[in-house]
Amino acid sequence: MSGRPAAAGRGKPDYMPGDWFQERLFPHVRQSFEVTRVLFRERTEHQDLVIFETPTYGRVLALDNVIQVTERDEFVYHEMMTHVPILAHGRARRVLVIGGGDGGILREALRHRGVERVTMVEIDRAVVDMCLEHMPSIPGKAFRDRRTDLVIADGARFVAETDQRFDVVIVDSTDPFGPGEVLFTEAFYRGCHRVLSPGGILVNQNGVPFMQPGEIAMTMKRRRRAFRDVGFYVAAVPSYYGGFMTLGWASDNPRLRAVPAATIARRMEASGLRRTRYYTPQLHAASFALPAFVLGHMGGRGGR
Ligand code: SAM
C-alpha cells in the first residue's frame, strides 16, 4: 500500500504510526489494524473520533483510541446485546439504549415486531452523524424508524431524571473512562433500576474478562446494590481483543437468566426475528454458562 493514508480532520493521533491503527486499551498489549484510508477524524466535545477503512474488518470506528465497532463483526455484539434481554423478557415493548451511537443496537431492537419504542440516549451527536455518513450499513434505516426516539444527552443524567419507564435497558457504552465512566457507577445502576418496569432487564457492555477482570467484580458489586439478581453472559467478538466478552446482566427475577432455549425459540418466531448471523436460542441459553475464572471474579456465584 503506497504512502500514508489521507487523514481527514486535524492532524493524526499518535496511535496511527504509518499505515496502522494501534489500539492501546491495555497496558503492555496492543492490537494493530492496517489502515487503507482514514475517512473521518475529529476531537469532538467528548472524545477523539476516527473512522478508517481496513482490508480485514471493513470500516472501523474508534473512540479515544479504542475499537468500538467494525463493519465485519458488529453483528455478534449487536445481536447478543439486544436479542438476549428482549427475548428473555418476553413482552418488551419499550427499550432504552444508552450510548450505542453507531445505531447497531437500535437496528436490532427494531427488528422485534413487539417493540413499540426505542429511546436511544447518546452523548455525542458526532458519533451518530459520522456513522450514518461513513458506516451506513450499521444503522441502516433505524434512525428514520417512526419508533425511534433519539436523545442527545448524558445517559446517567437521563436515567436519573426521566419519568419514562422501560422494559429493557441496554447500555452500549464506551469503556469506564472519559464520557463512559459515569455509566459504570452505582448511581447509574440505581437510575437504571428506577426506570425499569417490573420484570425489567438491564444489560451492559462489561469488557473482556481475560484482560479486564476488575470490571467483573466492580460492576457486580455496584449492580448488586440496585438489583436482586446480577450476572453475566458471554459473546466472542473478534475485534474486541483478548477472548470472549462479558455482557453484564441485572434484573429482580433470577428466572429471567434461565429461560429454556425452546421457549426462546418460540418467542423468536413470534417476534418476527428471522435471519440472525450469531444469535440462536441455544446460544442464548448457553451464553450464561460462565468459565470458572469468571465465576471466581464474581465471588464464585451469580445472582444475589
Ligand atoms: N460496542 C461498543 C463497545 O462495546 O465498546 C460501544 C459502541 S458505542 C459507539 C459507545 C457509545 O457510548 C459512544 O457513541 C459514546 O459517545 C457513548 N457514550 C459514552 N458515554 C456516554 C454517556 N455518558 N451517555 C451517553 N452515551 C455515552
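Keep in mind that this is a model prediction, so the values were computed, not measured. Count residues from 1 along the sequence. The basis for the numbers below is simple: all heavy atoms, side chains too, and nothing from hydrogens, waters or symmetry mates. Atoms within each ligand, like the ligands themselves, are counted from 1 in listed order.
- Look at Asp129 and Arg125 and you find a salt bridge, because one of the NZ, NE, NH1 or NH2 atoms lies within 4.0 Å of a carboxylate O, short of that distance.
- Between Arg257 and Asp229, at least one side-chain N (NZ, or NE/NH1/NH2) sits under 4.0 Å from a carboxylate O, which counts as a salt bridge.
- Residue Asn204 holds its CG atom at 11.5 Å from CZ of Arg222, rounded to the nearest 0.5 Å.
- With sequence neighbours excluded, the residues forming a side-chain contact (heavy atoms from CB on, under 4.5 Å) with Thr56 are Arg72, listed by chain and number.
- In this structure His78 satisfies the ring pair (Phe, Tyr, Trp, His ring centres under 6.0 Å) test with no other residue, sequence neighbours excluded.
- For Phe158, there are no ring pair (Phe, Tyr, Trp, His ring centres under 6.0 Å) partners, not counting sequence neighbours.
- Annotation: ligand 1 has protein neighbours Gln47, Leu61, Leu63, Gln68, Tyr77, Gly99, Gly100, Gly101, Asp102, Val121, Glu122, Ile123, Asp124, Val127, Ala153, Asp154, Gly155, Asp172, Ser173, Thr174, Pro179, Gly180, Val182, Leu183, Gln205, Tyr240, Met245, each with a heavy atom less than 4.0 angstrom from the ligand.
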